[in-house]
Amino acid sequence: MPSQIEHQLQQQLESRRDRSLLRRLVVIPETSADFSSNDFLGLARNPQLGARFLKELQSFPTHTPPLGSTGSRLLDGNSRYAEELEDLIAGFHNAEAALIFNSGFDANVGFFSSVPQPGDVILYDEYIHASVHDGMKVTRAGVKKAFLHNSLEHLEELLQTVRREDQQRAGAGLSGNNKYKQRNIFVAVESVYSMDGDTAPLREIVDLLEQFGAHLIVDEAHATGVFGEQGRGLVNELGLESRVFARLHTFSKALASNGAAMVGPKVLKEYLINYARPLIYSTFTSFSNLASVKSAYQMLIAGETVELVQKVRSLISHFRTTINIPPHIHLLPSESPIQGLVMDGNARVNALSQQLIQAGLNVKPIRFPTVPKGKERVRICLHSHNTIEQVDMLIRIVEEWVKKEERDVGAIVPLPASLDTTTATEAPAATSAISAGSAASLSVSTLSAFTKKPSIPSKL
């Protein structure tokens with residue numbers, strides 16, 4: 001007979017199933033076309049990376065280093081190999097130092113739980129990754145506030161409020177014995193947002209933050225390998241590396257490995273080694289994974305991913321200029337490999353996803369509460385290993401499904417204005433600057449055409 005807790009757990013699972021929210025593990029058929037993974041450059045099955053990786057492993061003497069790290073980095077898990085890899089990563093990203101974590105999630109939790117000092121302020125984009133939220137749950141910061149997605153106006157309002165309060169407290173403190181210290185402000189954004197595929201207005205954010213003495217932390221998880229010179233990220237592409245306090249570069253997406261590196265000042269690295277609990281209390285990643293990370297960076301440095309990035313650019317342009325969908329299904333503005341078709345309701349995105357999966361195309365639905373209610377979407381990821389024929393097949397199935405839905409249910413109410421982030425005619429214009437023959441980085445020069453309207457806060 002099930003125990004009380006087993007019964008309670010089962011009830012909660014049944015509740016999720018009834019609301020079309022139940023998650024489950026699935027094995028993707030090897031024959032399906034990949035339009036879902038974050039393997040943007042196809043390095044996970046790239047023969048060149050595989051050859052580099054095997055050569056790197058064979059360069060080790062027998063059992064030196066060991067297969068596993070054998071412990072936490074602060075005990076027995078550190079090595080000269082790991083430190084040399086961090087130096088390589090720091091140099092590639094034009095940073096003073098780099099610190100490797102077992103995952104991007106661990107890095108964000110480690111940073112936001114430990115770096116903000118008591119009473120400090122964290123301002124974060126409402127679409128920031130769940131790992132930042134988990135770090136903030138145990139942070140010592142006194143204020144944690146979200147600003148509307150990519151809204152410079154809302155961010156400036158919050159910054160002004162913080163500094164106005166600082167001035168008021170400083171004035172009150174001057175009448176006593178202790179002089180009030182201005183609070184540190186940390187602003188958290190993603191360079192490329194994982195669910196929308198759009199980019200943060202980083203240049204404008206940096207200009208704004210410098211007026212208030214605030215520190216910017218940029219999660220480059222979905223930009224690493226794809227944006228910037230040789231895949232250095234969007235911060236690099238915009239020439240902002242010296243003006244950003246810390247950047248997170250993950251190895252688990254375009255680089256086909258595992259883990260992440262937080263890059264920034266040397267003092268930040270030393271501080272995280274002493275205070276970031278996910279680093280201190282976790283067994284460090286294996287040598288084989290470090291070898292994989294090093295091999296991927298060697299490909300970037302050697303320029304071996306240039307053609308792969310150009311292929312992705314070409315597919316993005318083809319997809320956005322070819323697909324023809326009615327206004328009630330919204331194609332999100334994006335120049336990244338992540339493309340989103342927004343439809344209201346979990347059931348609808350589930351239905352379209354299943355139609356594509358049955359046709360042999362691996363496309364996933366992104367449902368509430370991962371995204372705000374009313375902004376559910378089918379998330380399409382384009383890769384260098386996709387073909388024009390596969391993309392055309394995807395487009396055809398989407399268009400046919402939409403027409404069938406219209407016939408079955410009749411007129412469909414268009415998206416509310418608050419959810420419409422651009423007009424249908426703007427989408428092709430966004431890709432006019434994307435061409436396979438241009439430099440091998442995804443330019444964001446045309447994104448100024450998209451001014452996002454205030455949207456519903458997302459609880460990730």
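The basis for the numbers below is simple: all heavy atoms, side chains too, and nothing from hydrogens, waters or symmetry mates.
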| query | Can Arg52 and Glu304 be counted as an ion pair, charged N to O under 4.0 angstrom? | reply | yes

| Lys/Arg-Asp/Glu bridge criterion (N-O < 4.0 Å) met for Glu86, Arg73 | yes

| For the side chain of Gln339 and the backbone of Leu382, is there at least one donor-acceptor N/O pair under 3.5 Å apart? | no

| Sidechain-backbone polar pair: Asp120 side chain, Asn184 backbone, donor-acceptor under 3.5 Å | yes

| said: With a 4.5 Å cut-off on side-chain heavy atoms, are Glu241 and Val263 touching? | reply: no

| message | Can a side-chain donor-acceptor contact be found between Thr224 and His249 if the only test is distance below 3.5 angstrom? | response | yes

| Is a side-chain N or O of Arg23 found less than 3.5 angstrom from the main chain of Arg16, in a donor-acceptor match? | no

| message | Tyr271: which residues meet the side-chain hydrogen bond (donor to acceptor under 3.5 Å, both in side chains) condition with it, sequence neighbours left out? | response | Gln117, Arg140

| said: Using the side-chain contact (heavy atoms from CB on, under 4.5 Å) definition, which of the options Val115, Ile128, Thr139 pairs with Ile122? | reply: Thr139

| query | Nearest 0.5 Å, what's the CZ-CG distance between Phe92 and Leu88? | reply | 8.5 Å

| Would you say the side-chain atoms of Ser79 pair up with the backbone N or O of Ala82, donor to acceptor, closer than 3.5 Å? | yes

| field | His385-Asp34 side chain donor-acceptor pair, cut-off 3.5 Å | value | yes

| said: Parallel, tilted or perpendicular: which one describes the rings of His215 and Phe186, with boundaries at 30° and 60°? | reply: tilted

| request: May I ask you to check whether Asp196 and His149 show a side-chain donor-acceptor distance below 3.5 Å? | output: no

| request: Would you check if His383 and Asn386 make a side-chain contact, meaning some heavy-atom pair closer than 4.5 Å? | output: yes

| Hey, is the main chain of Leu255 close enough, under 3.5 Å, to the side chain of Ser257 for a donor-acceptor pair? | yes

| request: Please confirm whether Tyr124 and Phe112 have ring centers closer than 6.0 angstrom. | output: no

| said: Run Asp344 and Arg348 through salt bridge (Lys or Arg N to Asp or Glu O under 4.0 Å) and show every step you take. | reply: CA-CA 7 Å; Asp344 186 5; Arg348 294 179 70 202; over 6 Å; no

| field | Flag side-chain contact, heavy atom, 4.5 Å: Val402 against Pro326 | value | yes

